[in-house]
Amino acid sequence: HGARFAFNGNFGKKNYQDVNSNADFWSWMNLGFMPLTNIHAKLVTEGSTLDIGNNSWDETLKYLKQNHRIGPIKLAQELALDVECPNPSVSHSLDIRCTRERNVNMNIQPTVFRQAQSSFHEDVNQTVWLNGFRDDNRQKLRDLETARWLNPKTNRVRVSALMFNPDSDVLMLVNINFLFARSGRIWKILTHRTTKLNLYQDWMVYLFDFMFYCQVGVLFVCEVKEMTMSIQTHGSGRRGMKEYMSLWNFIDWAFILVSIMLGVLWAVRVSTTNEVQKWLLELPPEASTCATDCASYYAGLFDEVEATGFYIDTVRRIGGFCPMVIMCRLFKAFAAQPRLALVTASLSKALPDLVHFMIVFMSVFWTYSVMCTALFGRDVVAFSTMDRSVPTLFRMLLRDFDYKEMEQVGRMFTFVVFVSFMWLMELVMLSMLIAIIMDYYFQVKARTFKGETVWSEVYELSLRVYQNWRGQRLPLPKIAAKFDDQAEGVLFPKDIRERVPGLSEAQAEGLMRESVEEWSVNNSKNPTTDAVGNLLTEINVSLGALPTELEDSPQLTIAAPWLAAEEAEVLRRSAEPTATHYSVEELAENFPVDMLLEVAMEKLRFGTHDCRFGVNIAMREIVVSALDVSRDLTHCRSV
């Protein structure tokens, strides 16, 4: 919306952002906006005397070639509220009345989102319709300026135009908003409401909606079945629901509820969009040339498009959180694969420490937010309010800041605040946060059984499907149907083959081996600090070496990453010769072979300098060999 206005002579191109007074507004309306919406003569190049005639009716309706303007231009305003002045004595002595802004805080520049989502209290008595196909618009604007249509109580002015793009089937209500702040500043914000009229142009849209809600329906049935089984097993009381309502089931129900809510909101959107299209189809031909009765044709249409666009924006923002719920369901799927579950398991283990860390972090962060608002708030817009200071400081942590703008307050103030914030919050606090997470990540990784990679599991599943199709293998559900959950003593592959006809010997042996491995992984116990310390003492006694070098060695936590620092210290103390001894056989009843061998290997490393150096070297070779073998085996029970 650029044109030369507000000055005499050729001063270059100006647009609605250059409106800073009432006179500028009327000048922009006369010389900037209306000429762009009321072009009768065909445009030619500068200085040309060529007369190529006037635009046709259809050409006059178009804006920027492809956009078809519908109806007149709407000029509406909102009035401010009359309120009691903060200092009545001074205000009354100067005969001044005070007003207050509606809905939008104009002390600082409002955001486009805040302006678009705020309700506009239109004063219908002040609304003016400017038909672009009539020649009396300029005179109307002169009359409005003379009658002081803009007055001290004017809070917001909205210039609206309704456009339709037939190529994309999009109806647009374009609003140019002028916000008259009580400080005298005029803020200019361009907003729009858009809606697609025909939401189901292709059968693919129906197909995708049908597939999505079929998936939601299947998930709903599965959750109801699981809940029913939990109630039947544990009772219908609190225990049954407690056993059922895990974190992942909660996420599933959240996804179901969000999907149902989006379906209802979408149905309402389809209904309101059909109402808008009905308004357009029912417009009579004489509506396009209306003069004083334009409100009777277009007031309802403009209001309907505004309400529909507002509703669509709200639904779009609510629907934007649906992918976050879907992302949580992805983590549920990742939990089925040990290597993919490392992230979620690490965060779950670290949650208590993260909560305590965030208490300290947010306390310090909030203190800096208050301090920056007090120091920079009057000069830097980004720190003018607390709700702006918080995201600004967070951006500073990510190295996104304007140091020069902050320096305007004072170099010394800025230097002290900036350096202290970056040193404490970024270099110290964020480093501690990473350390906490990585510490638990290494612990979880050390305790994780040797899991298959994703591509190896995909290959195995594909191979199973192929073998099932060829009849070389029986499906697992068919095998499981031959057994119940009751214990039946010791089972051998031949017992399974007798129970399940057609089961091959290779599949029976593989099934037994995988079952034992999975059971031992799920039921293995991680060694306590005292148990590992006693094991070290037992190894020392059997080798004839005392733990003289154990106290000063920092390698223990490196070799045993599942131990925290304080646990390692307790382990060192428990490894003294006076500690109670457990036999290796007794410890092997509870702890995995590979973990015991890791501890033994580390203890042998500590004893390389004592008098029995040759024995330690020989024992180390034996332990290393056994350790390599044990990595391909399961725990003691599997062996």
Side-chain angles (χ1 to χ4, degrees), residues 1 16 33 37 61-64 66-78 102-104 110-124 127-130 132 155-179 187-201 205 209 261-283 287-288 294-322:
H1 307 293
Y16 73 100
F33 182 73
T37 60
L61 291 174
K62 290 183 179 180
Y63 176 70
L64 297 178
Q66 305 300 329
N67 300 292
H68 187 94
R69 186 163 60 85
I70 300 175
I73 305 299
K74 181 181 179 181
L75 188 61
Q77 72 168 297
E78 174 189 76
R102 291 177 181 262
N103 302 318
V104 180
T111 61
V112 175
F113 169 78
R114 187 69 184 90
Q115 169 60 30
Q117 294 301 107
S118 63
S119 56
F120 185 81
H121 297 273
E122 178 183 346
D123 186 356
V124 294
T127 302
V128 179
W129 298 87
L130 303 173
N155 189 52
R156 283 188 290 178
V157 172
R158 174 176 291 178
V159 182
S160 305
L162 192 61
M163 303 283 183
F164 176 68
N165 190 303
D167 297 323
S168 56
D169 189 35
V170 171
L171 184 67
M172 300 168 287
L173 180 62
V174 182
N175 297 317
I176 306 174
N177 301 275
F178 297 89
L179 287 68
W187 304 108
K188 286 77 63 175
I189 300 176
L190 179 65
T191 61
H192 60 86
R193 307 291 190 188
T194 59
T195 177
K196 196 173 183 66
L197 295 180
N198 188 1
L199 298 175
Y200 288 92
Q201 296 179 349
V205 181
D209 286 354
M261 181 182 65
L262 288 179
V264 174
L265 295 176
W266 177 259
V268 175
R269 176 184 173 179
V270 173
S271 176
T272 55
T273 304
N274 291 337
E275 288 294 325
V276 171
Q277 187 165 337
K278 183 179 178 182
W279 269 95
L280 291 174
L281 297 175
E282 293 179 353
L283 282 176
S288 59
C294 292
S296 61
Y297 296 113
Y298 294 101
L301 176 60
F302 273 65
D303 293 341
E304 190 71 25
V305 175
E306 175 69 25
T308 302
F310 179 85
Y311 179 82
I312 291 173
D313 288 343
T314 304
V315 172
R316 179 168 55 86
R317 288 178 173 85
I318 295 176
F321 289 96
C322 186

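- The CZ atom of Arg158 sits 11.5 Å away from the CD1 atom of Ile176 when rounded to the nearest 0.5 Å.
- Nearest heavy-atom pair across Thr194 and Ile312 is O-CD1, 3.8 Å.
- Asn177 has its side chain within reach of Thr191: a pair of non-hydrogen atoms, C-beta onward, lies under 4.5 Å apart.
- In terms of heavy-atom proximity, Pro110 sits nearest to Ile189 at O-CD1, 3.6 Å.
- Side chains of Phe164 and Asp169 form a contact here, defined as non-hydrogen atoms less than 4.5 Å apart.
- Among residue pairs with one or both ends in residues 265-277, those qualifying as side-chain hydrogen bond (donor to acceptor under 3.5 Å, both in side chains) are Tyr200-Trp266; sequence neighbours excluded.
- Remark: Ser168 OG to Asn67 CG distance equals 8.0 Å, nearest 0.5 Å.
- In this structure, Tyr298 contributes its side chain and Ala287 its backbone to a donor-acceptor pair below 3.5 Å.
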Audit row: Phe302, Trp129, ring-ring contact (aromatic ring centres under 6.0 Å, His included) steps and yes/no: CA-CA 12 Å; Phe302 273 65; Trp129 298 87; 5.3 Å; yes
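- Taking CD of Gln77 as the start and OG1 of Thr127 as the end, the distance is 8.5 Å to the nearest 0.5 Å.
- Side-chain contact between Val159 and Phe178: present, with at least one pair of heavy atoms (C-beta onward) separated by less than 4.5 Å.
- Side-chain atoms of Ile70 and Leu283, non-hydrogen and from C-beta on, do get closer than 4.5 Å to each other.
- Of the listed residues (Leu179, Asn175, Leu190), just one forms a side chain to side chain contact (heavy atoms under 4.5 Å, CB included) with Gln115, and that residue is Leu179.
- Distance CD/Gln117 to OG1/Thr111: 9.5 Å, rounded to 0.5 Å.
- Side chain of Glu78 to main chain of His121: a donor-acceptor pair is present (N/O by atom type, distance under 3.5 Å, no hydrogens or angles).
- In this structure Arg193 satisfies the salt bridge (charged side-chain N to carboxylate O under 4.0 Å, His left out) test together with Glu306, Asp313, sequence neighbours excluded.
- Residue pairs that meet the salt bridge (charged side-chain N to carboxylate O under 4.0 Å, His left out) test with at least one member in residues 111-122, sequence neighbours left out, are Lys74-Glu122.
- Between Thr308 and Leu171, the closest side-chain pair of non-hydrogen atoms is not below 4.5 Å.
- Ser118 contributes atom OG, which lies 12.0 Å from atom CZ of Arg102 (distance to the nearest 0.5 angstrom).
- In this structure, CG in Leu162 is found 7.0 Å from CG in Leu280, a value given to the nearest 0.5 Å.
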